[in-house]
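Sequential numbering from 1 along the given sequence is applied to the chain's residues.
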Amino acid sequence: MKICVLVKEVPDAAVDKRIDPATGRMDRSGERNLNPYDTHAIETAMQLREGGQLEVDEIVAVTMGPESAVRALHKAVSLGADRSVHVCDDALAGSDVAATGYALAKAVEREAPDLVLLGQQSDDGECYTIGAVVADHLKMPSLTQVVKLDVDGDALRLERQAEYGYDTVRVRLPAVISVGDAINEPRYPSLKAIMGAKKKPLETLDAAGAGIDVALVGAEGSRVACGDFHDPPAKPAGQIIEDENTDETVAQIVAWLEERKLI
């Protein structure tokens, strides 16, 4: 059995997220890291392998992104993936969700996996729909917000979070499953795994190598065009009332509330 885990390089949590006004895309010039939600997908793959109920022969991490995204793949390998695939081509820059999902699906299609896992969202664009787009192109069933996963014979029994509670679904493989961050607690990579990650097999593909039609990706091939981005208006400074005289302080607060017809 082969499992593909889709991962993404995102700005580090400590970096302020901002849009580059020149390109209309997210500014990725700061520190970057592996999308934290995807670490839960890798951990899920590892637990399936270690559980012994499925014979998992290989776990492959797959990403689409610039040259720097290789660091996210190294992190994924240090967490347990056996090898990785990096789809990297300038023609992919500016792809929207539909174009990104198509490109990832073409890369995954080459691997012919039995199961595709990914995190419920990315930490930058907060998009929840990549899994569904990939599944549509691969003609596989798709499940999202999965918080529990068990092997049930030749299928998987999943519990997914919904607005009204939880759904329990049994799905046969192959399938694409987006896992929620409540499904597990990702492990920390060992020093040996971190040091050895760069020695694990890494395949780099351009658009042609992945079988991607460049007319369907990039800014030109995307169906969504970003509009004008601007910072929200600054909030006016608040009023601070400082007075040692309690009665006078209370009177000022009451007057402030009355002025705004709040009392």
Side-chain angles (χ1 to χ4, degrees), residues 1-14 17 32-54 56 58-65 69 71-85 97 100-101 104 108 111 113-135 140-152 156-163 166-169 171 173-190 193-194 197 200:
M1 177 179 181
K2 180 191 289 188
I3 300 176
C4 279
V5 182
L6 302 182
V7 301
K8 185 181 182 183
E9 178 193 60
V10 298
D12 190 79
K17 311 297 189 298
R32 285 157 285 181
N33 208 338
L34 172 63
N35 178 34
Y37 293 98
D38 294 336
T39 62
H40 296 277
I42 299 169
E43 180 62 26
T44 300
M46 291 297 293
Q47 290 182 8
L48 284 172
R49 166 184 274 173
E50 295 166 353
Q53 293 176 284
L54 290 176
V56 179
E58 192 175 33
I59 299 173
V60 184
V62 180
T63 196
M64 181 187 104
R71 292 177 296 187
L73 290 174
H74 288 156
K75 179 68 178 293
V77 169
S78 74
L79 289 170
D82 299 299
R83 61 182 178 88
S84 55
V85 177
V97 174
T100 298
L104 286 170
V108 169
E111 296 291 334
D114 302 283
L115 176 62
V116 180
L117 296 170
L118 67 156
Q120 66 181 17
Q121 68 197 84
S122 61
D123 197 37
D124 49 4
E126 301 289 344
C127 176
Y128 287 77
T129 57
I130 283 291
V133 177
V134 171
M140 294 181 184
S142 169
L143 283 168
T144 60
Q145 300 287 71
V146 172
V147 294
K148 187 177 180 182
L149 186 153
D150 296 304
V151 178
D152 184 11
L156 297 176
R157 184 174 293 276
L158 312 170
E159 193 170 282
R160 65 179 302 272
Q161 197 168 16
E163 292 181 0
Y166 295 90
D167 293 327
T168 299
V169 183
V171 61
L173 302 178
V176 179
I177 297 173
S178 303
V179 300
D181 55 357
I183 193 170
N184 54 40
E185 187 66 34
R187 67 193 68 191
Y188 289 98
S190 66
I194 293 173
K200 291 291 184 72

Does the side chain of [X] reach to within under 4.5 Å of the side chain of [Y], using non-hydrogen atoms?
{"X": "V147", "Y": "Y166", "answer": "yes"}
{"X": "V108", "Y": "L6", "answer": "yes"}
{"X": "M1", "Y": "L115", "answer": "yes"}
{"X": "V7", "Y": "V62", "answer": "no"}
{"X": "V146", "Y": "E159", "answer": "no"}
{"X": "D150", "Y": "L158", "answer": "no"}
{"X": "P141", "Y": "I177", "answer": "no"}
{"X": "E9", "Y": "N33", "answer": "no"}

Less than 3.5 Å apart, which donor and acceptor atoms pair up between the side chains of residues 181-189 and the rest of the protein, not counting sequence neighbours?
residue, atom, partner, partner atom, Å
N184, OD1, H40, ND1, 3.0
N184, ND2, H40, O, 3.2
N184, ND2, T44, OG1, 3.0
R187, NE, E43, OE1, 2.7
R187, NH1, E50, OE2, 2.9
R187, NH2, E43, OE2, 3.0
R187, NH2, E50, OE1, 3.1

Distance-only, no hydrogens or angles: does the [X] side chain make a donor-acceptor pair with backbone N or O of [Y] under 3.5 Å?
{"X": "T100", "Y": "V97", "value": "no"}
{"X": "D38", "Y": "K8", "value": "yes"}
{"X": "S142", "Y": "A135", "value": "no"}
{"X": "S190", "Y": "A193", "value": "yes"}

Result for side chain to side chain contact (heavy atoms under 4.5 Å, CB included) between T144 and one of Q121, Q120, R160 points to R160
Worked verdict on R32 versus V10 for side chain to side chain contact (heavy atoms under 4.5 Å, CB included): CA-CA 5 Å; R32 285 157 285 181; V10 298; over 6 Å; no
Atom pair [atom1]/[atom2] of [X] and [Y] - distance to nearest 0.5 Å:
{"X": "L118", "Y": "I42", "atom1": "CG", "atom2": "CD1", "value": "11.0 Å"}
{"X": "M46", "Y": "I3", "atom1": "CE", "atom2": "CD1", "value": "10.0 Å"}
{"X": "Y128", "Y": "S178", "atom1": "OH", "atom2": "OG", "value": "11.0 Å"}

Exercise. Kindly determine whether I130 and V134 satisfy side chain to side chain contact (heavy atoms under 4.5 Å, CB included), including the steps that lead there.
Key: CA-CA 6 Å; I130 283 291; V134 171; 4.1 Å; yes
Heavy atoms of G101 and V133 approach each other most closely as CA-CG1, 3.6 Å
Contacts of D114 meeting salt bridge (Lys or Arg N to Asp or Glu O under 4.0 Å) (sequence neighbours excluded), chain-then-number -> none
Sorted by chain and number, sequence neighbours left out, side chain to side chain contact (heavy atoms under 4.5 Å, CB included) with E58 holds for K2, V60, D82, R83
